[in-house]
Amino acid sequence: MTPTHGADMPPKTKLGILISGRGSNMKAIYHAIQEGDMHASIAVVISDNPQSEGLDWAKNEGLQTYAIGRESYAKKSAFETAICEKLQSHQVQWVVLAGYMRLVGKTLLSPYHNRMVNIHPSLLPAFPGLHAQAQALRYGVKVSGCSVHFVDASMDGGPIIAQEAVHVLPDDTEESLSHRILAVEHRLLPTVLKVICSPPVFSPSS
Ligand code: GAR
């Protein structure tokens, strides 16, 4: 075995990021890459929402972006085929759902099974779906947080990779709790991706 470094370094892992709105988790990934913390590149950003703030930001940063609206397709499978075509045309190796607010169907999942991760603002399996932070407040939990997991066909479901807890404070609102959880998301997601994308330390010698 010989150490992998210098010219032997494998190519960067190509990420495809799916978003629906603000895109702050996408920005956290982008900044981690810029800071040299992640052996990855953002090959493409796709939003199902053409008005997405994150999509504008990504475009301004010079990233390859596409808006693919669900309403342009009669069937979910056709919509997901359009997404897959873009991911594949950019040779995406791992797909990151960074605030992508749709249930992933099998058309999109099959080619990226075990190569698709999602970030969710609760300690799964508690509070999947929309408004996880409001669900946590309604339930009255004293600790919530965020999870990064492999994606399966269920809502915010699949094997959990990493979680971090955030205390719920007595006077928390949905906004204040979301704000504190989001700060943790911005650390947790890049940390997981850094491990996923890290090149092997050793490669077999010839
Ligand atoms: C984040 O809090 C993310 O965890 C959540 O949407 C927000 C997107 O924010 N995702 C889900 O709820 C998935 N079920 P962002 O667009 O600023 O990254």
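Atoms within each ligand, like the ligands themselves, are counted from 1 in listed order.
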Are Met101 and ligand 1 in contact, using a heavy-atom cut-off of under 4.0 Å?
-> yes
Original post:
Does Trp57 have its ring centroid less than 6.0 Å away from the ring centroid of Tyr30?
Top reply: yes
Quick look: Asp156 vs ligand 1, heavy-atom contacts under 4.0 Å, and the answer is side chain
Lys/Arg N to Asp/Glu carboxylate O, Lys75 vs Glu80, below 4.0 Å | no
min-distance protein heavy atom vs atom 15 (P) of ligand 1 -> Ser24 N, 3.4 Å
The atoms of ligand 1 lying under 4.0 Å from a heavy atom of Arg22, numbered in the order shown, are 9 (O), 15 (P), 16 (O), 17 (O)
Any heavy atom of Glu185 under 4.0 Å from ligand 1? The part involved is side chain
Closer than 4.0 angstrom: is that true for some heavy atom of Ala132 and an atom of ligand 1?
-> no
To the nearest 0.5 Å, atom CG of Asp56 lies from atom CD of Glu61 at 12.0 Å
If only side-chain N and O atoms count, and only distance matters, is there a donor-acceptor pair under 3.5 Å linking His186 with Ser24? yes
If you scan protein heavy atoms around atom 5 (C) of ligand 1, the nearest is Pro121 CD, 3.7 Å
of all protein heavy atoms, closest to atom 10 (N) of ligand 1 is Ile119 O, 3.5 Å
Rounding to 0.5 Å, atoms CG (Asp152) and CE (Met116) come to a distance of 11.0 Å
By salt bridge (charged side-chain N to carboxylate O under 4.0 Å, His left out), Asp156 pairs with (sequence neighbours left out) none
(Q) So for Gly23, does at least one of its heavy atoms come nearer than 4.0 angstrom to any atom of ligand 1? (A) yes
Ligand 1 atoms nearer than 4.0 angstrom to some heavy atom of His120 are 4 (O), 11 (C), 12 (O), 13 (C), 14 (N)
Note: ligand 1 atoms sitting under 4.0 Å from heavy atoms of Gly99 are 6 (O), 8 (C)
Across all chains, not counting sequence neighbours, the side-chain contact (heavy atoms from CB on, under 4.5 Å) partners of Pro125 are none
message = Distance to the ring centre below 6.0 angstrom and angle to the axis at most 45 degrees; does that hold for Arg102 and Phe79?
response = yes
